[in-house]
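Per chain, numbering begins at 1; letters A, B, ... match sequence-line order.
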Amino acid sequence: MAPQKLTEYERLRLENIKRNDQILAALKIHSKLSQLSESTKRPRTQTKSYKVSPEKKHRTETPIVLRRSLRTRGVAPDSSTAGGLKDDFDETQSSISRKNPNSDSESPLTKRAYERGPISMRDAYRTDASDRKLIEAILDCSRKSRLSESNNELDDTIKGMEGNELLGSLKVGRKVWGSIDVDALKLEQNNIARVVPGRILNVRFLPTTDARIAVVGNKFGDVGFWNVDADAEDGDGIYLYHPHPAPISGIACNPFSLSKMFTSCYNGFIRLMDTERELFELVYAGDHAVFSLSQSPNDMNSLYFGEGNGQLRVWDARTGKSSSSWGLHQKRINTIDFKPQNTNIMTTSSTDGTACIWDLRKVGVNGSTALKTIRHERAVHSAYFSPSGRFLATTSADDMVGLFSGDTYQNMTMVYHNNQTGRWISSFRGIWGWDDSYVFVGNMRRGVDIISTTGKDVTATLQSEHMSAIPCRFDAHPFEVGTLASATSGGQVYIWRPS
DNA sequence: TAACTTATTAAAAAC
DNA sequence: GTTTTTCCATAAGTTA
């Protein structure tokens, strides 16, 4: 896609935005001064934190789940559902008593998050400082990564080159490979921030080497950005949006087009954040909760998501339509992942107590039969292929982390691990690092457990006095070996780096 | 098989 | 510093 030429209107608009930013910057001097006097009073280092503008604060502090009639959702009455919606996310869950008497009037911002249409980034924005710096940073990275997109035709040639995975990774936007020294991973004060309020369900690094930007989704439907290396004069580099009205279940970034990022929500909507158009577009609006989201690494036009009780759908970016849904599980699908070396091979984990491996060429044809079904005693919270594809790691509520290897993943090792996170902490999901050596998983004692595939046990635990809460969700930076983001139920993000 | 009930737990806010 | 509130998720067990 060639960069679009700006119309006169767009050019004027950008100029106007820039002017407004200058005015804002001038105004900010006052708040900077007051901050300065405050910091002399309190010499202790304040961690970076999101700051919601006062006039927006009251609107979203209390998350409200609204009743949605078919009419307000713009859906024609349907005899099959007219007798009362019994779907996963509607009246049954929405009508839970609301204690706050002030929350009865629908706030404009919450209403917007429900809209069956695009929401401008401006309308969804909650933080007080301008988000121009963030938008510029993302567009800047996007332009740079697009330059390397022209190398994509090399993809096929490189695919056969087993010996040079690093070259392959860089050219096709795949995760970079490398080994790490576990003892070298450290958490520094400036790599800590409270990015959003409340419980984080998802953390993701933008897939770029040009900036370190972490994105998180929380249970209120907020999407928070943290530009980790933002200059001090740009504030903390933390930006908060509210594009969804309910918990965010997935974030999917396109390494070839950083300005496009998908987010999915428990209310059944999937939005595409388009930084170029400054919109959260609505790409899918279903009647069932969307619990998981994933992109096939080699096909950015296909978006896979799990909805309702075990259904899987594929949304096609070219047609803007989704496939019919395939019933792959009995209960909700918690994760969807693809084998990096053969993206026809997909794995799903489910609350029905199983993790399955599928051949996409055979899914949906005459029903769906899994290549392999892994059975845990309880709900399976995640299933991920290792970077080489030779391992599969599952994490289950039965207090086990499963490691599977061999041609058909027939070799099983169960590693005991306390996964009882309870009500307040998001369930643990063991993720892979940058090679097949380690799986990273949260620890109820405020640490990150590292499970070694060779040792078949927890060989180390990352701990730090800076970590004031339990890390439950993680992301390994796709292009920076050893850079690990961990997120908590209090909205914090901790970034571990090799020292 | 669906519908209802209950146990689980940490962190922030309030005192 | 200690106590209270948050809270309204989730999964598993029990009942009808």
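Straight-line distance from the CZ atom of A:R378 to the C1' atom of B:dA7: 11 Å, rounded to whole Å. For A:H376 and C:dA11, the NE2 to P distance is 14 Å, given to the nearest whole Å. Distance CD1 (A:I425) to P (C:dT6): 18 Å, rounded to an integer number of Å. Computed from coordinates, the A:W424 CH2 to C:dT5 P distance equals 13 Å when rounded to whole Å. Between the CZ atom of A:F220 and the C1' atom of C:dA9 there is a distance of 12 Å, rounded to whole Å. Between the CE atom of A:M467 and the P atom of B:dA11 there is a distance of 10 Å, given to the nearest Å. Rounded to whole Å, the distance from CG on A:N419 to P on B:dA10 is 14 Å. We find that CD of A:Q420 is positioned 10 Å from C1' of C:dA11, with the value rounded to whole Å.
Checking the phosphate oxygens (OP1, OP2) of B:dA11, a side-chain nitrogen or oxygen of A:R446 falls inside 4.0 Å. The phosphate of C:dT6 (OP1 or OP2) has no side-chain N or O of A:R423 nearer than 4.0 angstrom. Between C:dT10 and A:H381, no contact under 4.0 Å exists linking OP1 or OP2 to a side-chain N or O.
Which of C:dA12, C:dT10, B:dA11 sits closest to the side chain of A:A469 comes down to B:dA11. Listed nucleotides B:dA11, C:dA12, C:dT10 differ in distance to A:R332; the shortest reach to its side chain belongs to C:dT10.
Minimum heavy-atom separation, A:F338 to A:S294: CE1-OG, 3.5 Å.
At the heavy-atom level, A:T351 lies under 4.0 Å from the strands shown only through sugar-phosphate atoms. Within the 4.0 angstrom heavy-atom criterion, only backbone atoms of the sugar-phosphate kind lie near A:Q492; the bases stay farther away.
A distance of 10.0 Å separates CD1 in A:I213 from SG in A:C253, rounded to the nearest 0.5 Å.
Each of A:R194 and A:G422 lies near DNA chain B, and the nucleotide nearest A:G422 is the one positioned closer to the 5' end. If A:R199 and A:A379 are placed on DNA chain C by their nearest nucleotide, the residue sitting closer to the 5' end is A:R199.
The same atom, P, is picked in B:dT6 and in C:dC7; the two are 22 Å apart, to the nearest Å.
A salt bridge links A:E480 with A:R497; the closest basic N to acidic carboxylate O contact falls under 4.0 Å.
In this structure, the ring of A:Y409 has its center less than 6.0 angstrom from the ring center of A:F385.
At least one cation-pi condition fails for A:R313 and A:F305: the charged atom is not both under 6.0 angstrom from the six-membered ring centre and inside a 45 degree cone around its axis.
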